[in-house]
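Before any comments, here is the structure.
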Amino acid sequence: MQKSFEAKYSLGMDNHNFSSGIDAFKQQKKKGGRKKIEIKKIEKSSNKQVTFSKRRTGLFKKASELCLLCNASMAIIVFSPAEKLFCFGHPDLEGIVESYLRGDKVFQPLESRERSVSYEECNKQYEEATKKLELEKKNLRETDTLVNGFNRRWWEDPIDQMSETELEQFMVSVYELRRKLAERGGELLKQAML
């Protein structure tokens with residue numbers, strides 16, 4: 001009876017194959033994921049840059065968490081293998097560095113009043129920059145419109161769809177074109193007679 005039960009529910013696999021399948025799955029699982037690596041200098045420059053980027057992000061994240069959890073003041077200054085500067089500071093990088101350089105044993109944070117002024121100043125600068133950006137975008141659109149206008153043949157535009165001011169500009173342009181053509185024709189005629 002025992003054999004018939006195993007035969008019925010084994011789904012075509014004997015116990016040995018099934019257990020070896022589980023063992024293979026466990027071995028595959030052990031291969032992926034985090035591994036302990038030997039800490040030694042990386043020789044390949046591309047690997048250095050990738051490792052630096054990933055670990056810098058992790059370092060700054062851990063530093064931020066430590067500052068928030070423990071109410072600590074911290075400054076980190078790092079130069080990459082490509083000699084680029086990366087900084088992290090909480091609550092104020094410059095204040096922490098200045099405090100360290102002065103030899104103060106206790107970091108004195110900015111007064112809340114000074115901090116709010118600087119936030120207000122930053123917000124004001126941000127709003128001004130946003131306004132400048134919008135103005136530049138508007139100027140760019142107008143410039144694009146003008147450039148596209150020069151590339152088209154204005155004399156081929158349908159007259160019946162023009163406004164009164166556009167018709168006036170059209171007439172002025174036609175008269176100006178006529179005058180320039182007459183001048184150029186006269187110059188060519190003089191050159192041909194000489």
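By the 6.0 Å contact criterion, CD on Glu94 is open, its count of non-hydrogen atoms from other residues, nucleotides or ligands being 12 or less. Other residues, nucleotides and ligands contribute more than 12 heavy atoms inside 6.0 Å of the CD atom of Glu128. Taking a 6.0 Å sphere around CZ of Arg178, one finds it holds 12 or fewer heavy atoms contributed by other residues, nucleotides or ligands.
Summarising the geometry, atom CZ belonging to Phe170 is positioned 13.5 Å from atom OG1 belonging to Thr165; distances are rounded to the nearest 0.5 Å. Rounding to the nearest 0.5 Å gives a distance of 8.0 Å between CD of Glu65 and CG of Leu68. In this structure, the separation between CD1 on Ile42 and CD on Gln49 is 11.0 Å, given to the nearest 0.5 Å. The distance from atom CG of Asn139 to atom NZ of Lys132, rounded to the nearest 0.5 Å, is 12.5 Å. How far CG of Leu135 is from CG of Leu140: 11.5 Å, rounded to the nearest 0.5 Å. Between atom CG of residue Leu66 and atom CG of residue Asn71 there is a gap of 10.5 Å, rounded to the nearest 0.5 Å.
Put simply, the side chain of Arg141 reaches to within 4.5 Å of the side chain of Lys137, judged on heavy atoms. Inter-residue side-chain proximity for Ile76 and Phe60 is flagged as met; some heavy-atom pair is nearer than 4.5 Å. The closest side-chain heavy-atom distance from Val97 to Ile77 is below 4.5 Å. By the 4.5 Å heavy-atom criterion applied to side chains, Cys67 and Ser73 are not counted as neighbours. Taking the side chain as every heavy atom from C-beta outward, Lys48 and Lys41 approach each other to under 4.5 Å.
Ion pairing between a basic and an acidic side chain is recognised when a charged N comes within 4.0 Å of a carboxylate O; Glu127 and Lys124 show no such pairing. The existence of a salt bridge linking Glu187 and Arg184 is confirmed by a sub-4.0 Å separation between a basic side-chain nitrogen and an acidic carboxylate oxygen.
Residues Cys87 and Leu93 share a closest heavy-atom pair of CB-CD2, 3.6 Å. Of all the heavy atoms in Phe88 and Ala63, the pair that sits closest is CE2-CB, 3.6 Å.
In this structure, Phe79 has its ring center no closer than 6.0 Å to that of Phe52.
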_Assess the residue pair Ile96 and Asp92 against the criterion (side-chain contact (heavy atoms from CB on, under 4.5 Å)); give the C-alpha distance rounded to whole Å, side-chain angles, the decisive distance to 0.1 Å, and a yes or no._
CA-CA 6 Å; Ile96 293 170; Asp92 175 30; 5.5 Å; no
*Taking it one step at a time, do Glu134 and Lys138 satisfy salt bridge (charged side-chain N to carboxylate O under 4.0 Å, His left out)?*
CA-CA 6 Å; Glu134 289 303 318; Lys138 181 182 174 186; over 6 Å; no
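Of the possible polar contacts, none joining the Ser99 side chain to the Gly95 backbone as a donor-acceptor pair under 3.5 Å is found.
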